[in-house]
Amino acid sequence: MAHRIAVIGGDGIGPEVTTEALKVVRAAGVEIETTDFDLGGARYLRDGEILSDAVLDQLRGFDCILLGAVGTPEVPPGVIERGLLLKMRFELDLYINQRPFIGTAPGGTVAHDFVVIRENTEGPYVGEGGVLRKGTVHEVATQGSVNTWMGAERACRYAFELAAGRRRHVTLVHKTNVLTFAGDLWQRAFNSVAADFPDVATAYNHVDAACIYFVQDPQRYDVIVTDNLFGDILTDLGGAVSGGIGLASSANLNPARTGPSMFEPVHGSAPDIVGTGTANPTAAILSAALMLDFLGEGAAADRIRAACTHPVTGSTTDIGSEIAARVAG
Ligand code: IPM
Ligand code: MN
């Protein structure tokens, strides 16, 4: 049976890169049935719809969601991010944000190969806090970080399960020397999961030190597990040291499969280059490969990844067509 995919092209370059990703999936011979959802900043400006509960319920009926990018400069920060992207992550319980990074050495060999498991439903992203006396010199803003044992434990468990099938090494990244409450909860959750995986080695890095290692010694990593905000920041750096953000893919997973998972490139909508044909669709194509892994189409996903290892140049559609040809051929 064809996999039923909800497609949210979104704003800016989102629809351009998503079109190429679907082209490649079809070239890989995977049967899909797509339904387009017109959501994002442009839609919001037109009629006020961000993501109503009715549309969210429609999305629940699909096998997966493929998203391009959302957000436009005309809409104030936070409206689309919180109302659409974070609403999907939270309401669909997409508690794992999996972001793989492969660095290629000049001769084409693999320089580093690691995966960041970013907790995706907690931390400062939950929107806890508020503002008092706004606009006065006495203004106060608080923005709490919510960390639950369940949230940290399930993120760590996913990381260890993933590492068990890879090079059997997991690094916890946090800031336990300053964020003593949240850091302590994370460290204990990590240790308790580690006890169930005696064959998996462990390490700990403070997030600031991890930034140095990402640049100077990324080979040390296999699987990294970290909280939502550290994971957000670190994965942009991961992209920057692994061929650029144009290659960085991500999977927002509900591993319990109580609803659809969502797949999107790490990059944003890049409104400055929309329509120029210069957006690299590889991140979206590799995100679609992660989607195929999750749909049980691992062989097709591997073929897509193999087709993306040799650099392709040209316009957005040139790159998509060349990768599609390699996958089909
Ligand atoms: C990402 C993005 C989002 C995040 C934004 C757009 C809300 O930066 O997916 O990394 O912070 O999670
Ligand atoms: Mn980000």
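Keep in mind it's a predicted model, so treat the numbers as computed, not measured. Basis for what follows: all heavy atoms, side chains included, without hydrogens, waters or symmetry-related copies.
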Inset, instruction - Using the test salt bridge (Lys or Arg N to Asp or Glu O under 4.0 Å), find all partners of Asp293 that sit at least two apart in sequence or belong to another chain. - result: Arg305
Using 4.0 Å as the upper bound for N to carboxylate O, is an ion pair formed by [Y] and [X]?
{"X": "Arg166", "Y": "Asp113", "value": "yes"}
{"X": "Asp222", "Y": "Arg168", "value": "no"}
{"X": "Glu264", "Y": "Arg89", "value": "yes"}
{"X": "Arg154", "Y": "Asp93", "value": "yes"}

Inset, instruction - Answer yes or no: are there more than 12 heavy-atom neighbours, outside Arg188 itself, under 6.0 Å from its atom CZ? - result: yes
Inset, instruction - Verify the neighbour count for atom CD of Glu139: are there more than 12 heavy atoms of other residues, nucleotides or ligands below 6.0 Å? - result: yes
Inset, instruction - Quick one: name the residues clustered hydrophobically with Phe230, using the 4.5 Å side-chain heavy-atom rule over I, L, V, M, F, W, Y, and just say none if it's on its own. - result: Phe101, Phe114, Val116, Val173, Val178, Leu179, Val207, Tyr213, Phe214, Val215, Tyr221, Ile224, Leu234, Leu237, Val241
Inset, instruction - Tell me who clusters with Phe37, hydrophobic residues only, linked when side chains sit under 4.5 Å apart either directly or through other members. - result: Ile8, Leu39, Tyr44, Leu45, Ile50, Leu51, Val55, Leu56, Leu59, Phe62, Ile65, Leu67, Val70, Val75, Val79, Ile80, Leu84, Leu85, Met88, Leu92, Leu94, Met262
Legend entry - side-chain hydrogen bond (donor to acceptor under 3.5 Å, both in side chains) evaluation trace for Asn147 with Asp227: CA-CA 9 Å; Asn147 298 266; Asp227 85 352; 5.7 Å; no
Legend entry - Glu16 (side chain) donor-acceptor with Ile13 (main chain) under 3.5 angstrom: no
Inset, instruction - For Phe190 and Phe160, run ring pair (Phe, Tyr, Trp, His ring centres under 6.0 Å): C-alpha distance rounded to whole Å, both residues' side-chain angles, the deciding distance at 0.1 Å, then the answer. - result: CA-CA 9 Å; Phe190 182 85; Phe160 276 87; 5.2 Å; yes
Inset, instruction - Determine, for Tyr95 and Arg157, whether the Lys NZ or Arg CZ falls below 6.0 Å from the six-membered ring centre while staying within 45 degrees of the axis. - result: no
